[in-house]
Protein chains: 2
Amino acid sequence: MRALTPKGAATRQRIVEGAAKLIRDHGPANVGLDDIRAATATSKSQLFHYFPDGKADMLLAVAAHEAELVLEEQQPYLSDLTSWAQWEAWRDRVIARYAAQRRRCPLSALTAQLGLADPAVEEIITGMYARWQRHVADGVRAVRPDADAERVATQLIGAIAGGATMLVATDDIRYLEIGLTEAIENLRRGAPRAMSL
Amino acid sequence: MRALTPKGAATRQRIVEGAAKLIRDHGPANVGLDDIRAATATSKSQLFHYFPDGKADMLLAVAAHEAELVLEEQQPYLSDLTSWAQWEAWRDRVIARYAAQRRRCPLSALTAQLGLADPAVEEIITGMYARWQRHVADGVRAVRPDADAERVATQLIGAIAGGATMLVATDDIRYLEIGLTEAIENLRRGAPRAMSL
DNA sequence: GGCATTTTGGACTGCACAGTCCACTTTAAA
DNA sequence: TTTAAAGTGGACTGTGCAGTCCAAAATGCC
């Protein structure tokens, strides 16, 4: 797998992006290797050349790719939540992104397909959430140094996850709008300290 | 499909419950009709006798069954959120239920498998959430008549959905604990009115 | 230019698994 | 007790699709 020539790397990239698009459009369950082959102008042997462990291997690469996009699409705000204005811009970006995507959440579809049992999948997902939450916690510390940043960040990530889940389930963006808005509002007006459950 | 004798109804029920258990344990993708046949002591012809449209038909019945359970397991609290003590008992029940289930969320797994494209699946899911949210909104009106009950209920359902999603993704119950606790706390101390986004 | 390695084409294999078929048995109503 | 309908058993079929194989072409290195 090492020693990829530029040409090879380009092909591999083409496969990942082509597969990602197909999966976004039709769902992982409805996309076969032949579809990917056709959409990316490749042959069966190429697919297995770049992903020796087969389809699972490939979907894993697609999942990693999608996870990366999730965070990238929140930039530059996510890395710079240093003012309430930035927080609002971030919130609007997140809501707009999910509103555009509607029910098509490639990442949740992929993980459901691959199964969290696979440690590699789990690593991708938990890693992404960890980075996401770290950025948010940094932002909390910037605007509310007295707050329990980790707790607030946990609440915020949970609100987004819930909004996304409900969006997929009911095609209604309000769960995300309300959940995220209230959570930020909550942070803004008070400063929740660690408390017992 | 009408004219089910008691024996037939029992068999059908046995199939649904047996399939539900298998799916909870192994995930819908890893359960075939032969597994269900073996686990429920039935034959292929019985499966298709009771579910003429095949596997999808059967998984639909399983999904409806699981959706029913989700609400039932929150009773009697969910229908009687008339005091803060009841609210806390409800919260504890919800958290305990998900803590016990850990990553195995049969409903999300099933819907991911069946796809929300199917109107029958969507009906089951949206119907369940609608009933859930209605109960919660009733509870809000009982303890905070001045609050925007629908908005608060939306926030609460979103927090639970997010907690469940993060539990599946990261095997960490704190998202649910914190999200639900903060949302209730938020309701308790203030009374959010409708506000512009 | 020549040799090794990477990249590519596409036919072929294997099988898991949903779905079919028909014969047999049990149930229940008249 | 007869008989029509519901219930049951299990072998069989068809196929969609992941994965294999080998041979040919392009590429890179000395």
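Since this is a predicted model, take the numbers as computed values, not measurements. Reminder, nothing fancy here: chain letters follow the sequence lines and each chain counts from 1.
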**Study point:** Whole-Å distance separating the CD1 atom of Ile15(A) from the C1' atom of dT7(C)
**Key:** 11 Å
**Study point:** Heavy-atom closest contact (Lys55(B) atom, Gly32(B) atom, distance)
**Key:** NZ-CA, 4.4 Å
**Study point:** Between dT8(D) (C1') and Leu4(B) (CG): distance, integer Å
**Key:** 14 Å
Check your understanding: Starting at CE of Met58(B) and ending at C1' of dC17(C), how long is that distance when rounded to a whole Å?
Key -> 13 Å
Check your understanding: Are Glu17(B) and Arg12(B) close enough for a salt bridge, meaning some N to O gap below 4.0 Å?
Key -> no
Practice item. Using whole Å, report how far NZ of Lys55(B) lies from C1' of dC17(C). Key: 8 Å
Exercise for review: Answer yes if Leu60(A) and Leu4(A) sit in the same cluster of Ile, Leu, Val, Met, Phe, Trp and Tyr residues linked by side chain heavy atoms under 4.5 Å apart, and no otherwise.
Suggested key: yes
Practice item. Look at all strands and tell whether Lys44(A) reaches a base, only sugar-phosphate, or nothing, counting heavy atoms closer than 4.0 Å. Key: base
Practice item. Could you state the atom-to-atom distance from CG of Asp34(A) to P of dC12(C) in whole Å? Key: 15 Å
Study note, to complete from the structure: Atom NE2 of His49(A) and atom P of dA25(D) are separated, to the nearest Å, by 18 Å
Check your understanding: Between Gln46(B) and dT8(D), does any side-chain N or O lie under 4.0 Å from OP1 or OP2?
Key -> yes
Review point. Are Thr42(A) and dG9(C) close enough that a side-chain N or O sits under 4.0 Å from OP1 or OP2?
Key: no
**Study point:** N or O in side chain of Tyr50(A) less than 4.0 angstrom from dT6(C) OP1/OP2
**Key:** no
Review point. Asp57(A) CG to dA18(D) P: how many Å, rounded?
Key: 14 Å
Exercise for review: Send over the distance from Leu47(B) CG to dC17(C) P, rounded to a whole Å.
Suggested key: 15 Å
Review point. Under 4.0 Å between a side-chain N/O of Ser45(A) and OP1 or OP2 of dT20(D), yes or no?
Key: no
Check your understanding: Hey, what's the ring geometry for Trp132(B) with Tyr129(B), parallel, tilted or perpendicular (30° and 60° as the breaks)?
Key -> parallel
Review point. Sub-3.5 Å donor-acceptor pair from the side chain of Arg144(B) to the main-chain atoms of Gly139(B), do we have one?
Key: no
Review point. Looking for any heavy atom pair under 4.0 Å, which part of the strands does Thr5(A) touch: base, sugar-phosphate only, or nothing?
Key: sugar-phosphate
Practice item. Hey, which sits more toward the 5' end of DNA chain C by its nearest nucleotide, Lys7(B) or Phe48(B)? Key: Phe48(B)
